[in-house]
There are 2 protein chains.
Amino acid sequence: MARAATTTDAFNAVAEPRRRQILDLLAAGERPVNDLVEDLGLAQPLVSKHLRVLREVGLVQVRDEGRRRLYRLDARPLRSISEWLRPFEQAMSERFDLMDDVIQELKAQEDGR
Amino acid sequence: MARAATTTDAFNAVAEPRRRQILDLLAAGERPVNDLVEDLGLAQPLVSKHLRVLREVGLVQVRDEGRRRLYRLDARPLRSISEWLRPFEQAMSERFDLMDDVIQELKAQEDGR
DNA sequence: AAGTTACATGCCCACATGGGAATGTGTCAA
DNA sequence: TTGACACATTCCCATGTGGGCATGTAACTT
């Protein structure tokens, strides 16, 4: 098997920086594709493709308004990421950084370079 | 360009379910590769490859002990994900789910099917 | 009806992937 | 020294990718 499809879940969909940018922009509110195209400075087909991926994992919803399509954020699928991350929250804190620095030093000495 | 390398950042490294499992296991403490191989039920080379990716993005650290290599979690790179996620926290909450349901209904009526 | 606008979809490519299988490397044991 | 053990690396393949480009489709305008 190759790499999992980007449409597999929120983890894979959000691994792409442009798709994260799109979600950032949509956090401000509903917007048509052209707005996103301008703000991102990307080709329109590219944006449409990214939006398709986001749609397939449920991170955005669409609404037709005349010849425009308004995209809207749906952050709920991000919860799976947030929940997976929670047990690691403590280990991410600054305090543990200091511990890690000490360990790094010990390791460096151990390597004896 | 193709998809970004898995070693590009924590986002891409963590998109792979097995790598998330490995981090889950390492959250309990330092462990040799063989332990992980048994717990994951994967082929040893596969585990080594995944560990390599995690190492390259700084999510794990290694320490040699005889003929074994002890891997250790370093959760710090996860912070970039956690921080990107933070602005969406509110939008993930249950309360907004209810709002979304209402919006879904309105949208369904609007579509007039 | 014809043109334009706003998107979506299709085809192409270079590229990195996850897994399988085999092999390499370093450490300990007998 | 020879063998077993613990890992890492290499080669292979099928697959899905992001981007560029061209085309399709629906809605609005004139």
Side-chain angles (χ1 to χ4, degrees), chain A residues 1-23 25-26 30-57 59-72 110-112, chain B residues 1-23 25-26 30-57 60-72 110-113:
Chain A
M1 209 198 286
R3 202 163 165 186
T6 52
T7 52
T8 302
D9 51 34
F11 282 95
N12 282 279
V14 157
E16 168 64 29
R18 273 69 181 249
R19 283 194 287 265
R20 261 176 276 150
Q21 287 183 41
I22 291 177
L23 294 181
L25 291 172
L26 291 181
E30 206 178 34
R31 302 188 68 184
V33 179
N34 243 1
D35 274 28
L36 301 174
V37 169
E38 287 182 20
D39 287 355
L40 296 169
L42 296 179
Q44 173 266 315
L46 257 229
V47 176
S48 284
K49 284 176 194 169
H50 284 312
L51 286 169
R52 183 166 162 73
V53 173
L54 292 173
R55 236 166 48 218
E56 291 192 30
V57 297
L59 277 167
V60 299
Q61 290 172 10
V62 214
R63 183 168 70 88
D64 285 33
E65 192 203 55
R67 59 185 156 184
R68 295 192 309 169
R69 309 201 72 191
L70 299 177
Y71 280 84
R72 188 179 159 286
E110 195 168 350
D111 287 353
Chain B
M1 209 199 286
R3 203 163 165 187
T6 52
T7 52
T8 302
D9 52 33
F11 282 97
N12 282 278
V14 156
E16 167 66 28
R18 272 70 181 247
R19 283 194 288 264
R20 261 175 276 151
Q21 286 183 44
I22 291 177
L23 295 180
L25 291 172
L26 290 181
E30 207 178 34
R31 303 189 65 186
V33 179
N34 244 2
D35 274 28
L36 301 174
V37 169
E38 287 182 19
D39 286 355
L40 296 169
L42 296 179
Q44 174 266 316
L46 257 228
V47 177
S48 284
K49 285 177 196 168
H50 284 313
L51 286 169
R52 182 165 161 73
V53 173
L54 293 173
R55 236 166 47 216
E56 291 192 30
V57 297
V60 299
Q61 290 171 9
V62 215
R63 183 168 70 88
D64 284 32
E65 194 204 52
R67 57 184 158 188
R68 295 190 309 170
R69 308 201 73 190
L70 299 176
Y71 280 84
R72 187 180 160 287
E110 194 169 348
D111 287 353
R113 296 246 177 76

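Throughout, a chain's letter reflects where its sequence line sits, starting with A, and its residues are numbered from 1.
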Any side-chain N or O of A:Tyr71 under 4.0 Å from OP1/OP2 of C:dA6? no
Judged by each residue's nearest nucleotide on DNA chain D, which is more toward the 5′ side, B:Pro32 or B:Lys49? B:Pro32
Could you state the atom-to-atom distance from CG of B:Asp35 to P of D:dC7 in whole Å? 8 Å
Compare side-chain N and O positions of B:Arg52 against OP1 and OP2 of D:dA8 and report whether any pair is under 4.0 Å apart. no
Summary of protein contacts for nucleotides 22-30 of chain C, nucleotide by nucleotide, where a base hit scores B, a sugar-phosphate-only hit scores S (4.0 Å, heavy atoms): B----BB--
When rounded to whole Å, the CZ to C1' distance for the pair A:Arg55 and C:dC7 reads 10 Å
Heavy-atom nearest pair, B:Arg19 first then B:Ala13, reads NE-O, 2.6 Å
To the nearest angstrom, the CZ-P distance between B:Arg3 and C:dG18 comes to 8 Å
Nearest nucleotide by nearest heavy atom, which residue falls closer to the 5' end of DNA chain D, A:Ala4 or B:Arg69? B:Arg69
A:Ile22 CD1 - D:dG18 P separation (whole Å): 11 Å
Starting at CD of A:Glu16 and ending at P of C:dA16, how long is that distance when rounded to a whole Å? 15 Å
B:Arg20 (side chain) donor-acceptor with B:Ala15 (main chain) under 3.5 angstrom: yes
For B:Thr6 and C:dT17, is the shortest distance between a side-chain N/O and OP1 or OP2 below 4.0 Å? yes
Considering all heavy atoms of both residues, which atom of B:Thr6 and which atom of B:Val57 are nearest to each other, and what is their separation? O-CG1, 4.1 Å
Under a 4.5 Å cut-off applied to non-hydrogen side-chain atoms, are A:Leu51 and A:Arg69 in contact? no
Side chain proximity check, B:Leu23 to B:Val14, heavy atoms < 4.5 angstrom: yes
Just by distance, do the side chain of B:Asp9 and the backbone of B:Asn12 share a donor-acceptor pair under 3.5 Å? yes
What integer distance in Å separates B:Asn34:CG from D:dA6:P? 5 Å
Grab the CG-P distance between A:Leu70 and C:dA6 for me, whole Å please. 13 Å
Evaluate the side-chain proximity of A:Leu26 to A:Leu36: yes if any heavy-atom separation is below 4.5 Å, no if none is. yes
Would you say A:Arg68 places a side-chain N or O within less than 4.0 Å of OP1 or OP2 belonging to D:dC28? no
From C:dG18, D:dG16, C:dT17, nucleotide with atom closest to A:Ala2 side chain: C:dT17
Atom CG of A:Leu46 to atom C1' of D:dA22: distance rounded to whole Å? 14 Å
